[in-house]
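Worksheet for the structure shown next.
It should be emphasised that the depicted structure is a prediction, and the values quoted were computed from it without experimental measurement. Just so we're on the same page: letters track the sequence lines, and every chain starts at 1.
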Number of protein chains: 2
Amino acid sequence: METYSISEAAKQINVTVYTLRYYDKEGLLPFVERTANGTRRFKESDIQALKIIECLKATGMPIKEIKQFIDWCGEGDESLQQRYDLFLERKATVKAQMEELKKTMDVIEHKCLYYEKALKAGTEKVHQAAAIVIN
Amino acid sequence: METYSISEAAKQINVTVYTLRYYDKEGLLPFVERTANGTRRFKESDIQALKIIECLKATGMPIKEIKQFIDWCGEGDESLQQRYDLFLERKATVKAQMEELKKTMDVIEHKCLYYEKALKAGTEKVHQAAAIVIN
DNA sequence: GTAAAGGCTAGAGTTCACTCTAGGTCAAGC
DNA sequence: GCTTGACCTAGAGTGAACTCTAGCCTTTAC
């Protein structure tokens, strides 16, 4: 079975080796095995697990909560419900983030139009009457 | 003209007064005027500006870059192009974030289905054959 | 056999964005 | 006139997530 060194693993998931060692220190990688002399070897399934970790991180989940999830994974079927609930909750937060981001995008796009007009006119005065305003 | 105290302004944009003072310290609020004894009074246009600042923050923009934008706003028409470019760039990053979030959502939804099946079966074994795997 | 490349740990340092504390001013209500 | 509450500043402290350093150990290539 093919395995990867820490730097190969880091490259694959696009983080630094420092980050991987930090994750391990924080208990996120209990499944990564070591050679006789202590070197980490990442299996294909470890890479997949890291992708899940990165996915959870992308939802804004703090490392301590990700560790909780990893711990649950080690418990087996006992924690199935907790893990399901966790993903349901993540789904809801990601949905909320998407909606927030859409609102943000609307504002940004308005600003783009504002500045297009201002640039065409050569001045912001096409938009406002007086004073120093943030636009 | 109606104005707001720092605590009223904080409530309106849903941050703490500490945060507003911190923003001011960092140069994000040069437009906020003070009473004779030094108390900040937020105008309606200041609240709008704060909303733009919060919008930029929501795109992941660091405070130092937001300050750059605020500085440009003070320069007037000279900086129109820079400010336009900034919003174009923000638009691109938000678009990228939306795509990333969509991918994240797809993974999360897969996990939800995985756990629904596992819960129905009462065990994760419906999914995998051997070993400790993160799921 | 020795030097370079890569791995290891413990622990210190960094950055960011707040968050809070201490000590002080000021206006309003009793 | 004095207490209460809201405001102020400077600066210290916090927590998260890295990021790096120092010192040490293997393996590989000349």
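When atom types are taken as modelled, the side chain of D77(A) and the backbone of E124(B) share a donor-acceptor pair closer than 3.5 angstrom. Side-chain atoms of R41(B) come within 3.5 Å of backbone atoms of T3(B) as a donor-acceptor pair (strictly under, hydrogens ignored). For the pair T16(B) (side chain) and T19(B) (backbone), a donor-acceptor distance under 3.5 Å is present.
Under 4.0 Å is where a charged nitrogen must lie from a carboxylate oxygen, and between E99(B) and K102(B) no such pair does. Salt-bridge annotation for K95(B) and E100(B): absent, with no side-chain N of the basic residue lying under 4.0 Å from a carboxylate O of the acidic one. Comment: K43(A) engages D46(A) in a salt bridge, judged by a side-chain N to carboxylate O separation of less than 4.0 angstrom.
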Quick one: which protein N/O atoms are closer than 3.5 Å to N/O atoms of nucleotides 5-10 of chain C? Pair and distance per line, please.
unit_1 : atom_1 : unit_2 : atom_2 : d
dG7(C) : OP1    : S5(A)  : OG     : 3.2
dG7(C) : OP1    : S7(A)  : N      : 3.3
dG7(C) : OP1    : S7(A)  : OG     : 2.7
dC8(C) : OP1    : R40(A) : N      : 2.9
dC8(C) : OP1    : R40(A) : NE     : 2.9
dC8(C) : OP2    : R21(A) : NE     : 3.0
dC8(C) : OP2    : R21(A) : NH2    : 3.2
dC8(C) : O3'    : R34(A) : NH1    : 3.3
dT9(C) : OP1    : R34(A) : NH1    : 3.1
dT9(C) : OP1    : R34(A) : NH2    : 2.9
dT9(C) : OP2    : R40(A) : NH2    : 2.6

Return the polar atom pairs (N/O with N/O) between nucleotides 22-24 of chain C and the protein under 3.5 Å, or none.
none

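Between F87(B) and F69(B), the ring centre distance stays below 6.0 Å.
Residues K120(A) and Y115(A) bring no donor and acceptor atom of their side chains to less than 3.5 Å of each other.
Close approach of DNA chain D to chain B, defined as any atom under 4.0 Å from a non-hydrogen atom of the protein, starts and stops at dC7(D) to dG11(D).
For the side-chain contact (heavy atoms from CB on, under 4.5 Å) test with L56(A), the passing option among E65(A), K51(A), R90(A) is R90(A); the others fail.
Separating the OH atom of Y22(A) from the P atom of dT15(C) is a distance of 17 Å, rounded to the nearest angstrom. Atom CD in E54(B) sits about 12 Å away from atom P in dA17(C), given to the nearest Å.
Around the CG atom of N14(B), the shell of radius 6.0 Å holds no more than 12 heavy atoms that belong to other residues, nucleotides or ligands.
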